[in-house]
Amino acid sequence: MHLHLPSQLRLALRYPSLIHAVLIACTLPSFAIAATVERSTDMAPPSEARSKQVAVSYTLQPEKLRETSRPVQKSKLFRLLATGSAQARIVNVDGEVVRSSAPRASIQTLQISPDEGWFLVEVGNSGYSVVSAGSLVDMARPPTHPEAPEDATDFEWKILDNNHLIGQADLPSLDTEGLTAAEVESLPPRDTLIYLYTISSNTMTPIQVDDTLSRPFHITGVTDGQVELLHYVTSEIFGARIVPVPAQ
């Protein structure tokens with residue numbers, strides 16, 4: 001009995017490797033489509049990802065000041081030497097200089113993030129820089145001055161956690177008539193402005209200060225997320241914490 005097979009099937013039986021070639025050729029496009037869909041899902045455009053985030057505002061609320069704060073752990077990775085002088089420099093654990101002061105721009109302060117992944121440097125009138133502890137490259141430069149009011153002072157930034165800084169600017173007193181420059185400088189500010197700076201997104205958000213917190217005050221430090229405040233006039237020390245408030 002002689003079977004009449006289609007020419008394509010006779011060709012495939014005679015050359016089995018052709019079956020594999022055909023199967024691969026038919027399958028590859030579907031794999032490519034699936035990979036494209038998966039990749040487009042994982043790598044959503046940043047704008048789309050941001051649009052899914054819930055808008056959040058913040059308030060600085062009073063919190064009972066802990067009687068015993070955890071002692072500040074000094075970083076073993078970096079140290080600031082000759083603070084504020086023309087010779088000010090940051091050295092690593094081996095004593096090698098990783099950053100030096102520029103002419104007329106000496107390094108004023110050095111703060112290390114809790115995870116020691118980056119450090120915050122204040123340089124003269126140039127403001128602050130967030131520097132990677134690994135590459136020693138500037139990761140971000142927080143703003144130096146609020147957009148308003150015009151008479152607000154420059155920011156003083158402190159590390160809040162591994163991704164945030166808390167900044168303070170003051171509004172100078174308006175009762176300066178007839179006072180000398182030294183007397184004006186000694187006056188307490190009329191109010192305090194507080195801001196949150198997010199390093200990963202390079203964004204700054206104003207923080208509402210709870211009415212129960214007595215102002216004006218100065219941020220003296222941050223310990224485990226608790227912000228320690230000093231009242232300008234009474235010298236009272238009290239605690240506070242930044243609390244997110246979801247938008248209505």
ILVMFWY cluster, Y128 and M204 together (side-chain gap under 4.5 Å): yes
Cluster check L120, V131: I/L/V/M/F/W/Y, side chain < 4.5 angstrom: no
Output a table of donor-acceptor pairs, distance under 3.5 Å, between side-chain atoms of residues 141-148 and any protein atom two or more places apart or on a different chain; print 'none' if there are none.
unit_1, atom_1, unit_2, atom_2, d
R141, NH1, S129, OG, 2.6
R141, NH2, S126, O, 2.7
H145, NE2, A152, O, 2.5

Nearest-0.5 Å distance, CG of residue N163 to CD1 of residue I199: 6.0 Å
Closest non-hydrogen atom pair, K64 against Q226: O-NE2, 2.9 Å
Closest non-hydrogen atom pair between L213 and G239, with its separation: CD2-O, 4.3 Å
Candidate pair I219 and I194, rule side chain to side chain contact (heavy atoms under 4.5 Å, CB included), full reasoning: CA-CA 9 Å; I219 299 175; I194 303 296; 3.8 Å; yes
Q108 side chain to S106 side chain, donor-acceptor N/O pair below 3.5 angstrom: yes
Aromatic ring pairing F238/H231, orientation class (parallel under 30°, perpendicular over 60°, tilted between): tilted
Residue pair Q168, T192: steps toward the side-chain hydrogen bond (donor to acceptor under 3.5 Å, both in side chains) verdict: CA-CA 7 Å; Q168 169 182 338; T192 305; 4.9 Å; no
Closest heavy-atom pair and its distance - L229, T220: N-OG1, 4.2 Å
Close side-chain approach of I242 to I207, heavy-atom, < 4.5 Å: yes
Pair S200-T198, side-chain donor/acceptor within less than 3.5 Å: no
Ring-ring centroid check Y195 F155, cutoff 6.0 Å: yes
Student check: side-chain heavy atoms of F78 and I112 closer than 4.5 Å: yes
Pairwise salt bridge (charged side-chain N to carboxylate O under 4.0 Å, His left out) hits with a residue in residues 205-221, at least two apart: D191-R215
hydrophobic_cluster_shared for V91 and V123, side chain cutoff 4.5 Å: no
Shortest non-hydrogen separation from Y197 to N202 and the atoms involved: OH-OD1, 2.6 Å
